[in-house]
Amino acid sequence: MFRILVSDPISEEGLAPLRKSEHIEVVQKKVTEAEERLHEFDALLVRSATKVTEELLVKMPNLKIVGRAGVGVDNIDVEAATRHGVVVINAPNGNTISTAEHTFAMMAALVRHIPQAHVSVKSREWNRSAFVGSELHGKHLGIVGFGRIGSEVAKRARAFGMNVHVYDPFLTKERAEKLGVSICSLDEVLALSDIITVHTPLTKETKGLLGEKNLAKTKKGVYLLNCARGGIIDEQALVKFLENGHVAGAALDVFEQEPPGDHPLLSFDNVIVTPHLGASTIEAQLNVATQVAEEVLQFLNGKPVTSSINLPTLSKDLYEKIQSFYTLAKKMGMIASQYMNLPVQEITVTYAGTVADLETTYITRSLLAGFLKPRVASTVNEVNAAMIAKERGITFGEKFSDQTHGYANCISLTVYGENKTFTIMGTHIPNYGNRIVYFDGFSIDFAPEGHLLYIQHQDKPGMIGKVGNVLGSHHANIATMQVGRQQAGGRAIMMLSLDKPLDDELLEKLVDIEDIESAKKLEL
Ligand SMILES: NC(=O)c1ccc[n+]([C@@H]2O[C@H](COP(=O)([O-])OP(=O)(O)OC[C@H]3O[C@@H](n4cnc5c(N)ncnc54)[C@H](O)[C@@H]3O)[C@@H](O)[C@H]2O)c1
Ligand SMILES: O=C(O)[C@H](O)COP(=O)(O)O
């Protein structure tokens, strides 16, 4: 049974596919109400209210995936989730239109004083002269952050006859041209705009981006909007600039603390507010819930997720192409880790042939996870493998080569320990499977799976029989056997696959055979 905790209000209709599955239990409860069962859940679905902290992750040792039904993941400690091997996904597109529309509704309401006029009329007043507004037409709109929402706001602004100025340090000239906007510096946007709206994520760089220093660069009488994240416009600075009359008004959907409590901003008549409603439409909620539910189902079925924050994302198509290499790489990592049973400083993966054209980051992560698995007690997977390797002082890198050694594709792994280097090479043969074709100096050909026994010995007649005798007399059945040697009468190897794991006593008996140099078992 796969258990999912839904700790914020998420569209029931969107989650229906999860509820339908008999292998899934969906529990709808706040984290605080589910304290006693936290350790059971495999997945956690949230919006912006639940804070996914390290402390919560520790209480949820079974957690594998956090799904954010929305865009912003600033309520999730992604680094901690990565460390715990927990995949974090979001639903980045589902609420774009709703939030852009909300921004626009706020903008129109702000410059036409609609909320204030509404309250006045409801109080039985009829004061037309108190609410004279301004047109949007012909005004200069500054957009800070030109991603999904920023660009949708721009489209609507142009339809209203506004002049749009955009600041986004990551926006390419080509994309700006395609979207019909001119890229400006932040200072230009501040100086030119009658209205400024922010649509960036909340990051170290954007926190307080519109603070005292930058607000001082804006036009007197500027209107400000924040439907992105509380804190991008510094709230204290905003209070100051409202008090001195420099800022004509502000529309805020988000706050540094939510709910904002008795915040001084709420006492300004020219500040209009909504309680983080940007994504609160039936359509957006259905979209984000559906996206997250589909992703969780994918994950549950061992398929790739497409909107992960802490994993390279893969399309279904690409996943199908890399799946075999992904498995091959993991097994190669596991073999290397067990074979090189000593501290390792460096790992290099070389891709050649058709595999070199694929998303190798994913394959490398799989290899690292396979390598680390026998060595770390905590969960290790593609999500945290790179981080754990780094923490353990293991550097790793990818290389690309033309040398396919006669195969259509080839993955080589070299592991560098203090006094030993180990190289293994694998290939995937369509309709045949994964094969290891080179092992620590020997050409060989075996399938990397099951209970393997690797023996190094002198190439002498009768060695196979001696090994077979010892194994047979202890009821250890040999499924397959591959042999290799560097030269006749020199060093040779056997790679056997057995029906059952070999016990250590038997391993010692094998090493005692004359001319056997070493015997190691490899569990894959
Ligand atoms: N109010 C709501 O309910 C609501 C709903 C959805 C999204 N949001 C928030 O809106 C914001 C934008 O969402 P989106 O989906 O458009 O995200 P997005 O990732 O598509 O766009 C963000 C843009 O900000 C730009 N950016 C990053 N750092 C910047 C900086 N220092 N200066 C200027 N630009 C910078 C990025 O290049 C990107 O183009 C996010 O903070 C998101 O959490 C709020
Ligand atoms: O980042 C988002 O998607 C929005 O802020 C929406 O947040 P919500 O899901 O809590 O409404």
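A quick note: this is a predicted structure, and the numbers were derived from the prediction, not measured. Note that ligands are numbered from 1 as they come in the structure, with each ligand's atoms numbered from 1 the same way.
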**Asked** Does the N or O separation between Asp74 and ligand 1 drop below 3.5 Å for any pair?
**Response** no
**Request:** Return the residue, atom name and 0.1 Å-rounded distance of the protein heavy atom closest to atom 10 (O) of ligand 2.
**Result:** Ser48 OG, 2.4 Å
**Fill in**
of all protein heavy atoms, closest to atom 25 (C) of ligand 1 is Asp168 OD2, 3.1 Å
**Message:** Tell me whether Thr96 reaches ligand 1 (any heavy atom closer than 4.0 angstrom to a ligand atom).
**Reply:** no
**Message:** I need the minimum non-hydrogen distance between Ala80 and Glu54, along with the two atoms involved.
**Reply:** CB-OE1, 3.6 Å
**Item:** Option of least heavy-atom distance to atom 41 (O) of ligand 1 (set: Val189, Val254, Thr200)
**Value:** Thr200
**Prompt:** Can you find a non-hydrogen atom of Asp253 under 4.0 Å from ligand 1?
**Reply:** yes
**Prompt:** Where is the tightest heavy-atom contact between Tyr167 and Cys184, given as atom of each residue plus distance?
**Reply:** CD1-O, 3.5 Å
**Asked** When you check the side-chain N and O atoms of Thr350 and Ser412, is any donor under 3.5 Å from an acceptor?
**Response** no
**Request:** Identify, by atom number and element, the atoms of ligand 1 in contact range of Arg229, meaning under 4.0 Å from any of its heavy atoms.
**Result:** 41 (O), 43 (O), 44 (C)
**Side-chain H-bond candidate by donor/acceptor type, His118 with Ser120, under 3.5 Å** = no
**Prompt:** So Ser307 and Glu295, side-chain hydrogen bond (donor to acceptor under 3.5 Å, both in side chains) or not? Walk me through it.
**Reply:** CA-CA 8 Å; Ser307 56; Glu295 287 277 84; 2.9 Å; yes
**Message:** Just to confirm my output: which protein heavy-atom neighbour is closest to atom 9 (C) of ligand 1, and how far is it?
**Reply:** Ala228 O, 3.6 Å
**Prompt:** How long is the gap from OG on Ser193 to NZ on Lys219, to the nearest 0.5 Å?
**Reply:** 7.0 Å
**Item:** Sidechain N-carboxylate O distance under 4.0 Å for Glu135, Arg112
**Value:** no
**Complete:** Within the 4.0 Å heavy-atom cut-off, what Val288 brings close to ligand 2 is neither
**Message:** What protein heavy atom lies closest to atom 28 (N) of ligand 1? Include the residue and the distance to one decimal.
**Reply:** Phe170 CE1, 3.5 Å
**Request:** State, to 0.1 Å, how close Leu368 and Ala385 come at their nearest heavy-atom pair, and which atoms those are.
**Result:** CB-CB, 3.9 Å
**Message:** With heavy-atom distances below 4.0 Å as the criterion, list the atoms of ligand 2 near Ala69.
**Reply:** 9 (O)
**Prompt:** If you measure every N/O of Pro169 against every N/O of ligand 1, is any gap under 3.5 Å?
**Reply:** no
**Item:** Protein contact to atom 5 (O) of ligand 2 [nearest heavy atom, distance to 0.1 Å]
**Value:** His276 NE2, 2.6 Å
**Fill in**
heavy-atom search around atom 11 (O) of ligand 2 in the protein gives Arg47 NH2, 2.8 Å
**Message:** I want to confirm something. Looking only at heavy atoms, which of Thr274, Val144, Ile149 is nearest to atom 14 (P) of ligand 1?
**Reply:** Ile149
**Item:** Distance in Å, Glu25 CD paired with Phe41 CZ, rounded so as to fall on 0.5 Å steps
**Value:** 6.5 Å
**Request:** Just jot down the ligand 1 atoms closer than 4.0 angstrom to any heavy atom of Asn95, in number order.
**Result:** 6 (C)
**Message:** Within this structure, what is the CG-CE distance for the pair Asn310 and Met387, rounded to the nearest 0.5 Å?
**Reply:** 8.5 Å
**Request:** With heavy atoms of Tyr167 as the reference, note each atom of ligand 1 found under 4.0 Å away.
**Result:** 32 (N), 33 (C)
**Asked** For ligand 2, which atoms sit closer than 4.0 Å to a heavy atom of Gly72?
**Response** 1 (O), 2 (C), 3 (O)
**Prompt:** What about Thr99: any of its N or O atoms under 3.5 Å from an N or O on ligand 1?
**Reply:** no
**Prompt:** Does an N or O from Ala279, backbone or side chain, lie closer than 3.5 Å to an N or O of ligand 1?
**Reply:** yes
**Request:** Considering heavy atoms of the protein only, find what lies nearest to atom 31 (N) of ligand 1 and give residue, atom and distance to 0.1 Å.
**Result:** Thr206 CG2, 3.4 Å
**Item:** Under 4.0 Å to a heavy atom of Phe146 - the qualifying atoms of ligand 1, by number
**Value:** 39 (O)
**Prompt:** Is there any N or O on Arg148 that sits under 3.5 Å from an N or O of ligand 1?
**Reply:** yes
**Message:** Just to verify, which of Thr96, Ile143, Val164 counts as forming a side chain to side chain contact (heavy atoms under 4.5 Å, CB included) with Val153?
**Reply:** Ile143
**Electrostatic pair Arg19-Glu12, nearest N-O below 4.0 angstrom** = yes
**Request:** Output the list of atoms in ligand 2 that are nearer than 4.0 Å to some heavy atom of Asn95, sorted by atom number.
**Result:** 2 (C), 3 (O)
**Item:** Modelled atom types, side-chain donor and acceptor of Glu188 and His165, under 3.5 Å
**Value:** no
**Request:** Do me a favour and list the nearest non-hydrogen protein atom to atom 22 (C) of ligand 1 with residue, atom name and distance?
**Result:** His199 O, 3.4 Å
**Message:** Checking Phe131 now: which residues fulfil ring pair (Phe, Tyr, Trp, His ring centres under 6.0 Å) with it, not counting sequence neighbours?
**Reply:** none
**Prompt:** Counting from 1, what ligand 1 atoms have a heavy atom of Gly72 closer than 4.0 Å?
**Reply:** 43 (O)
**Prompt:** What is the closest protein heavy atom to atom 3 (O) of ligand 2, and at what distance does it sit?
**Reply:** Val71 N, 2.6 Å
**Request:** Please write down residue, atom name and distance for the protein heavy atom closest to atom 2 (C) of ligand 2.
**Result:** Arg68 NH2, 3.0 Å
**Message:** Ignoring hydrogens and geometry beyond distance, is a side-chain donor-acceptor pair present between Asp253 and Thr274 at under 3.5 Å?
**Reply:** yes
**Request:** Please determine, by modelled atom types, if Thr53 and Asp77 share a side-chain donor-acceptor pair under 3.5 angstrom.
**Result:** no
**Request:** Using a strict 4.0 Å cut-off to heavy atoms of Cys227, name the atoms of ligand 1 that fall inside it.
**Result:** 1 (N), 2 (C), 4 (C), 44 (C)
**Request:** Please say which of Val66, Val86, Ile309, Leu44 ends up in a side chain to side chain contact (heavy atoms under 4.5 Å, CB included) with Ile76.
**Result:** Val66
**Message:** Which of the numbered atoms in ligand 2 are under 4.0 angstrom from any heavy atom belonging to Gly70?
**Reply:** 3 (O)
**Residue His276 vicinity, atoms of ligand 1 by number, heavy atom under 4.0 Å** = 1 (N), 2 (C), 3 (O)
**Message:** Tell me if the centroids of the rings in Phe104 and Phe160 come within less than 6.0 Å of each other.
**Reply:** yes
**Request:** Quick one: look up the protein heavy atom nearest atom 21 (O) of ligand 1 and list residue, atom name and how far away it is.
**Result:** Gly147 CA, 3.2 Å
